[in-house]
Chemist: 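This is the structure I want to talk about, given as structure tokens.
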Amino acid sequence: MTRAVQQTTRDLRRHNRSAVLSRLYVQGPTSRQDLTKVSGLSSATVSNVVSDLINDGVVAEAGLVGSDGGRPRTLIQVRGEFGHVVGVDIGETHVQIGLFDYTLATLATATYSVASTRLEPESVIGLVLAGVEEVVSQVGVETGSLLGVGVGVPGAVQQIGGRELVYAPTLGWSAVPLADMLRRDLPVPVYLDNCARTLGQAEMWRGAGRGARRAIVALLGVGVGAAVATSSESFRDMTSMTSTTSEWGHTVINVDGRPCRCGSRGCLEAYVGAEAVLDDYLALPDARPFESKGTEARLAELVARAEDGGGASQVLGKTAEYLGIGIANLINLLSPDRVVLSGWAGETMGSAILPAVRETVRRHAVSYMYGQVRIELGQLGQEAVALGAATLPVVQVLASGGSLPA
Ligand SMILES: [Zn+2]
């Protein structure tokens with residue numbers, strides 16, 4: 001064979017492996033016959049690819065399923081043990097590091113509270129390295145054996161001159177080469193992206209976005225972001241990243257409203273961001289000081305107090321109304337079939353505000369669009385953002401057809 005033919009054969013093989021593996025990853029256990037139907041590949045090709053993937057330990061047979069009249073079919077599924085990935089959530093209240101198996105089951109997490117929103121990049125690097133060390137030792141794996149480390153940042157990642165630079169005004173970061181800084185000390189591939197975007201991917205794969213055509217995944221915390229995640233029937237696109245609207249928090253919902261830390265006034269975030277919600281409560285004449293320290297613990301305390309009605313309950317009611325207006329605007333603009341409330345603050349106050357959010361959206365969204373959308377709570381728990389970041393190395397391995405990073 002000429003080199004060009006060898007190259008083409010190798011590309012085709014990788015393409016077919018990636019197609020079958022991606023489908024198995026997103027869809028769960030599937031028979032060879034169904035893989036043939038949905039892939040457009042021949043049954044011989046699917047058989048060969050599946051055998052290859054089994055030999056490489058990427059997938060395994062997973063029992064039998066009955067078929068109409070015919071003999072039972074063997075299901076194939078992705079093996080979690082194939083490898084480990086790490087996801088890092090660099091938030092405004094905490095830095096969290098999660099270790100996940102290849103199917104994104106959580107194996108260990110390490111969470112460090114951070115007091116100030118003006119975090120120095122070097123101190124964040126220190127926490128990330130300590131966290132990776134802690135989670136790999138908890139589970140007993142070597143850092144060098146990880147498939148990769150994904151980092152979700154509350155800002156934009158721009159590719160400039162072959163480097164990924166992080167712009168995160170809320171952290172006071174401008175053009176921080178965070179990935180390169182981590183690569184100095186981590187002997188594995190490091191990937192970086194906006195945290196709302198990666199969270200959207202995770203909710204689509206494993207959470208409340210499953211089965212949606214177009215989902216808006218809202219990331220609620222001190223800051224407020226949203227990603228628009230679209231599913232694709234196309235094989236190659238199944239692992240591609242979603243588009244994003246991460247500055248949703250700075251869309252204006254109130255003329256001449258409150259000042260926002262972005263410099264504008266009346267932004268959504270100035271009303272539904274976790275610190276704004278706490279400040280609203282403390283400004284009430286009958287407010288009681290919080291017993292706990294830290295934004296996350298205090299929001300949980302507020303939600304607990306709201307169960308007895310009173311000021312805390314009024315504040316959550318108002319929060320639900322502002323959030324509902326922000327969501328209604330997104331619905332009128334983007335016509336999604338699913339909206340997911342995610343992120344740590346979504347996890348903390350989601351159940352308390354969901355009915356009022358839905359009611360506000362019903363009043364403000366155009367009725368035919370409201371009729372086709374479901375508003376749900378995220379299903380990924382407190383480590384949602386870390387899990388989202390962990391999708392970054394997973395996507396790379398899917399795209400390579402299950403080859404290990406060099
Ligand atoms: Zn703003």
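Counting convention: from 1, in listed order, for ligands and their atoms alike.
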Chemist: Ignoring water, what protein N, O or S atoms are under 2.8 Å from the Zn ion (ligand 1)?
Modeler: H250 ND1, C260 SG, C262 SG, C267 SG

Chemist: Is any NZ, NE, NH1 or NH2 atom of the basic residue among R79 and D56 found under 4.0 Å from an Asp or Glu carboxylate oxygen of the other?
Modeler: no

Chemist: Output every pair passing side chain to side chain donor-acceptor pair (under 3.5 Å) with a member in residues 99-113, not counting sequence neighbours, ordered by first then second residue.
Modeler: Q96-T111, D101-T103, T106-E383, Y112-E134

Chemist: Evaluate whether atom CG of D256 has more than 12 neighbouring non-hydrogen atoms of other residues, nucleotides or ligands under 6.0 angstrom away.
Modeler: no

Chemist: Side-chain contact, heavy-atom cut-off 4.5 Å: Y167 with V157?
Modeler: no

Chemist: Within 45° of the ring axis of F290 and under 6.0 Å from its six-membered ring centre, is that where the NZ or CZ of K293 lies?
Modeler: no

Chemist: Run the side chain to side chain donor-acceptor pair (under 3.5 Å) test on E321 and T360 for me, step by step, so that the C-alpha distance in whole Å, both residues' side-chain angles and the decisive distance to 0.1 Å come before the verdict.
Modeler: CA-CA 6 Å; E321 197 168 357; T360 304; 5.4 Å; no

